[in-house]
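Before any comments, here is the structure.
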Amino acid sequence: MSTTTQSKTGSKKLALGMPTPEEITAGGIPGISARPKLPPDLMAKLNNEELEEVEDIELPTEPMTINMGPSHPATHGTVRIILTIDGETVRDSDVQVGYLHRCFEKEAEAATYTQVFPYTDRLNYVSPLLNNVGFALAVEKLLGIVDRLPERASYIRVIVGEISRITDHLTCLGASAMEVGGFTPFLWMIKVREWLWELLEELTGARLTHSYVRIGGVAQDLPEHFIEKLRAVLEKSVEVLGECESLLVKNRIFRDRMDGVGTISAEDAIAWGWTGPCLRSTGVPYDVRKDHPYLVYDRFEFDVPVGSVGDNYDRVAVRLEEIRQSMRILDQACKQIPAGPVLLDEPRICMPPKNAVYNTIESMIGHFKLIVDGIKVPPGEVYSYTEGGNGELGFYIVSDGSGRPYRCHVRAPSFIHTQALSKLILGAGIADIIPTFGLINMIGGECDR
Amino acid sequence: MAETPPSPMKSSIAAALRETQSPSPPPVAPPAAASAAPAGSAPSSAPPPSDIVTIKLDGRDVQAKKGANLLEVCLSNGVDVSYFCYHPGLSSPAVCRQCLVEVVGQPKLVPACFTPIADKMEVNTATPRVLGIRRQMLEFTLVNHPVDCPICDKAGECTLQKQYQDWDHVGSRSSIPKVHKPKMQDLGPHIVLDAERCILCTRCIRVCDEVAGEKQLTMAWRGDREQLTVAPGHQLDNPYSLNTVDVCPVGALTSKDFRFTMRAWELFSTSSVCPGCATGCNVEVHHAQGEIWRLVPRENLQVNKYWMCDEGRFTYKNVRHKRLTSARIGGGRGQPAQITSIDKAVAFAAERLDRLASGGGTIGLVFSAQTTNEALFALSQVAQKLSTRGATIRTYVTGTAARPERADKILRSADTNPNAAGAKLFAGTGAGDASALLSDLKAGKLKGLWMAGGDLPLTEQALFDAAPLVDGLELFICQAVHDSPLLRRAQVQLPAAAWAEVDGSFTNNKNLVQRLRKAVTPQGDARSHLELIGQIAKKANLAQSEKWQVSARQAFLQMVASVSSSLPAGADPAQSVAAGFASADWGREYLPVQLRFANSRG
Amino acid sequence: MIDSILMFLAEHTAVAALLKLLLLVLGFVMPLASLSTWAERRQSAMMQDRLGPNRANIGPVKLWGILHFVADAIKMMFKEDVVPSKVDRFLFALAPVMAIAPVLITFAVIPFGPDLCVGQVMSVVTDPATCKATIPLQVARMDVGMLFYFALASLAVYGTTLAGWASYNKWSLLGGLRASSQMMSYEVCMGLSLMGAFLVYGSLEPNAIVTAQGSNILHWGIFTQPLAFVLFFTAAIAETKRAPFDLPEGEPELIGYFVEYSGMRFGIFFLAEFIETIFLSAVVATVFLGGWQVPGLDSSGFGSLHLPHLVVVLLQVVAWSLKILMLCWLQLLIRWTLPRFRPDQLMRLGWKQLLPLSLINIIITAAVVLWRSGGK
Amino acid sequence: MAESYTTRLDDALNWARKYSLFTYPFVTACCGMEYMATAASKYDIARFGAEFPRFSPRQADLLFVVGTITERQAPVLHRIWMQMAEPKYVVAFGVCASTGGFYQNYNTVPGCDQVIPVDVYIPGCPPRPEQVLDGLILLQKKIAEATTWVQRRDRKELELAAQSTDGRKRLPVVA
């Protein structure tokens, strides 16, 4: 990962018109993506230059300490921020996490590898399937079966993963819109999410906590006409997305709320360990799917949208564009998906078919041992990372050869992003905290693990 | 899936973990001299060099004793070979044909468990031919095996399941209907047979023949009708019958006591020692949800090898049976005692004890042979303090009644107390026995009595009759696990934790100091004897911060140091109890092992 | 019969004023305010592909869920009234009253119909000036009507500020301060933007303004003072603290000044907000939409089509009501479409954009008025 | 006669409470996603008159405990509940709020009823919106049948909490 703003996307104009770095350096960008020049006073404020001056001009004030959260209505993850404010300006903040510490890592160490999947669902509960895939890949790397995964399973993983990514971004954007008062676009986005959830429900049997991915493949094949339905839903979704954009991106008030708020430079973002849409908003085109392709991501054409300023608006725009890119991937995946099995034929790793389990002692034993003892993973350690909804989602697993992880650690992007929240809101107004927080998209389950 | 070699980084963790998960960690280092060990164990002196031969095992040179069992050589060198009928404690009939390996030069595969090794032998255990045969044998074994795992008690600790998963995991090619046999055949007072599940390994027959010495089981009929059975009109009723359940690799033989009570994979295992008699068989306490569900023998070649008696297995029932769960004070002389907190009872006892000692009264201290060494050591320390304060101390060793009629030469001892040796050591040379105690009480020689353990070798009725004797005492402190008529007359009744609820050690009849581990939490307010003695001593200003008051481990260390300090050099543990302590070791602290992840016990 | 009653009312103006007040407040404003809570919920639901509340049925009577507001009201009245410890009890109790009273009082100056000619209700009246006795359909007619309105409206600031201050809560204090600064800033703009209209119509008296606009739609304020209409409407929404200017109460984000209020006290704040909405619509209708005027309808009827006086008056009252309903609906649309401002942006909008524009509006209007009047 | 009038009044009051449930969503975890879905277009909790999310506990009637309650969160939840005005209702949304769910560990409170009394438990991990609506209807039924005279419960609860040694005690559910 480097700090260069070299684009991997080529010079293709993206649908939403995210400016590529070349275009930024070149100057004029046509279309709605043309960022208006930030007013100089705002720019000064971004660099916190203005703060000292303000003290000189205005009456001397005494800073006030005020507590925000952990049940603050808009902090949809549970977080507590202790603010030191001067009027409306945040002078200092102490961000405290840990209100949703559900001991994922310890629970994982007490469960078999297969039993960990439901826990991963509840890490980033906005895009559970991406976590499923991430964890499955980690265990598969340890088992050494990554190359033998059935192709169809890999495609299905990509499809469900990208659908999950869309729902993740929709929820993040919708919630952020709601928090700044735009309730209507929020409900529209949730409506789209609902359509996608219904699709996933048809496939996985659950609306939100799917536990659909298995080590060695996925639980079951796509239902009939899934691809057609997916296409139809995506078509509808694009329309609604356009409507939402017209209410948000083209709305002057929304732009004013987002432009230049919560700015972070690419260097700082990298230093803080940021990844995902938040890092890309600063102009660094790092995307695990592109830089370290896994599954079949190297077979798709898609662009990595990047921002230029690293402010809240960039985070909105990057997410909006990523939704479209995910749709592009989905479109290609639907075209390319081959026929075949969806689960590896390896009885020590994958479950035998249910019919055989009920009728033959061999499959019964296999099933029994996989359930009770778990999949025996050879001793070793692995760090496997994928592009989650919020960024690089890494699983570090140590195996001792038994059926459960000896140690399982999650590199949770939310946790890492939240570290920088204090810096982002320094000097901003109280009203800026919530959108900034919302667009960092801190998800409690993932952050506190 | 090929077995990948453990990465270097991993080895330390894996090693550490393997150690914690090992089902049979030796509880205490064996005494230096091996003469205490039962005859038949491995000779202690190294064999002469001429006996050592070198064989090629999977291309690797391995040295072993000439004529040793090939299967044992494989297993001890980390080469995994599947087997059913072989058991280290039994003879090898080579009936299951599961351990077939390739010996270069021999046209046919040979059963490893029946093959002595010879010099320059070349053995291959993982060639496609061997693996194929192994798979075919498993397929053959499973042809008539019922689809029973969900309702089978062995599921989760079944050797057949393990071997199938490790070596076969291929579907059956047979489509003929399975042969049906009796599903629930009563073999004896403790055992039920499911003949369909039986894989005819004959381990159980050999256990009866070779361990219990009673030929009660045999195979009848031939071919796919072959079936385990008892002789007509007979029962599988030898005192070691439940060992057949342990050795059974499948769920054919099940214990009536344990079956359908708890699934094996939900159990946790804590290693401990059987409190049933002075032999001190090493056991695993299998517990879950705060309750003990069964005891199974744990390998210790010096004491019990792989076995234990049926009576010993049921000692776990006493842990929950008739327990005293809360402290009571103010009883005696026909007065009912009042339930109170431990702290109040301890304070009450300490105050009376202090008064009695300062007044120069005679105090009887009872060292129960059912109590751990640490508690008894603590009591002996308190006895010294009491005598320096002016009290006259008389010590007694008691315990439950002996049962010479049940003793045998295999494992069962006439002495039903697990710690008689320890109790005698700490009570001192002048200690009386239970009858001395009763006569002293009758003669009114004692002003106070403090019992660490409420057992007396009397029948229920005799105890009831003897109980009024204590009414003349000024102070009667009784720490007891179980309720009894004697306890009811004590002025201070303290609930003590049972053997499975404490950390500590017992000294067996061969003077081996063996470690007990806490498996379940004490019932009610119960505390260990050691803790109760420590608290009373503290309240009575007899001891403030002695090492033995800190923890059971500290008590153990102090005890070993104190006992072995007065020991002459080169003492033989077989002759002196103290020498047994000198070589005792507390061992590591283990978390209870969940059987589910401890792999099959088989 | 009717005539004699009307005559009695014309002679006893105090009784008439009381009756009109009751009629206006209890018969129109309160029901409309309550209804608008329902309308808001149904309107937002419609915009968001939802159904909105439709359940509160009494037996089979469903009424599209209108009864939900009845349920709300009853529930709030019987809800526990929590007074947090350490609050200033007097100010805490005073604040909701201060919030609602000024808006209710200011309705007094709003004319909801033309003068009623007593004695000629059934005949055609060509010139109202010829009437012997009239009952103004306006609670209080005073020459400083609009000034009275501004004076009272600025009192409402105290409601919010006191609520924020008395609650003994840092968040509500901040909310209260935000609210007072917002309301005070936008009052300036409101007043200045109306100044142009006063210049055009030459009066501060609402009924005079309405009369001056006449039934010719092109003479209405929205056409003579278009900029002022936009400015006033914007500023007035800010004054009523409705979205996109709802920062003082901006629930999911900033936490408002009445955060510590519960039960009916909260209900009063809630209701006050909706009454303010209606009042704002009334003022906009009065100044910019011709008040009770109906296009083309004179006191004698539509041109040559003569109508009885009572019918004309009724038509005009209905028109006034419809205008208010429409303006309320417009506010709901805005409410559910736009996101919320940030405090500093709000202030910037008020002082740096709306205020200069309204000053420009005054200057231009004054110049035009001066030019039209020939410099006299 | 008087009795029938008071009965009528009770009915009216319960009817009002039933259809005017201002909710306080105490959203902590995954169930929040389904809470959003329940509030959104397709399921539309507003139909039951329960859509007004009041983010001030003082103004809310119904506390939706949405998601896992941890040891760190429990005191906050209790405080929120204390701040609410009577009559107040609590719905445990999902198994985590009801029993702690499959998080059986040192930091997860096994159900929010360890801290506050709960009226309706909605199972599911997370519950489907239909289940949530069903739970809401159950609550409405409960309100309709309940007595209208509700006393403030805090003092009693506080005394109970003070008595228990660990500061937490299963609290009695007051109908």
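Residue numbers start from 1 in every chain, and the chains themselves are labelled A, B, ... in the order their sequence lines are given, proteins ahead of strands.
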Original post:
Relative to chain D, which of C:R55, C:Q48, C:M76 shows the most heavy atom pairs under 4.5 Å?
Top reply: C:R55
**OP:** Determine whether the side chains of C:D49 and D:S41 contain a donor N or O and an acceptor N or O closer than 3.5 Å.
**Re:** no
**OP:** To the nearest 0.5 angstrom, please state how far the CD1 atom of C:I74 sits from the OH atom of D:Y19.
**Re:** 13.0 Å
Original post:
Got a second to check how far C:R41's CZ is from D:R47's CZ, nearest 0.5 Å?
Top reply: 14.0 Å
**OP:** Please answer whether the main-chain N or O of D:S20 pairs with a side-chain N or O of C:H68 as donor and acceptor at a distance below 3.5 Å.
**Re:** no
Original post:
Would D:R58 and C:F258 count as a side-chain contact (heavy atoms from CB on, under 4.5 Å) if you check the C-alpha gap in whole Å, the side-chain angles of each, and the deciding distance to 0.1 Å?
Top reply: CA-CA 10 Å; D:R58 301 258 187 239; C:F258 54 72; over 6 Å; no
Subject >> Atom pair OG/CE of C:S262 and D:M84 - distance to nearest 0.5 Å >> reply: 11.0 Å
**OP:** Name the region of D:D61, side chain, backbone, both or neither, that has any atom closer than 4.5 Å to a heavy atom of chain C.
**Re:** both
**OP:** For C:K75 and D:L13, indicate whether the former's side chain and the latter's backbone hold a donor-acceptor pair under 3.5 Å.
**Re:** no
Subject >> Full working for side-chain contact (heavy atoms from CB on, under 4.5 Å) between C:V70 and D:W15 >> reply: CA-CA 10 Å; C:V70 182; D:W15 170 84; 4.2 Å; yes
Subject >> Nearest-0.5 Å distance that lies between atom CG in D:L9 and atom CZ in C:F78 >> reply: 5.5 Å
Original post:
Just by distance, do the side chain of C:E80 and the backbone of D:E86 share a donor-acceptor pair under 3.5 Å?
Top reply: yes
Subject >> D:D44 side chain to C:R50 backbone, donor-acceptor under 3.5 Å >> reply: no
**OP:** For C:V259 and D:Q59, work out which heavy atoms get closest and say how close.
**Re:** O-NE2, 3.7 Å
**OP:** Give, for atom CG of C:N54 and atom CZ of D:F48, the distance between the pair rounded to the nearest 0.5 Å.
**Re:** 8.0 Å
Subject >> Flag if over 12 foreign heavy atoms under 6.0 Å of CH2, C:W165 >> reply: no
Original post:
Where does the angle between the aromatic ring planes of C:F270 and D:F22 fall among parallel (under 30°), tilted (30 to 60°) and perpendicular (over 60°)?
Top reply: tilted
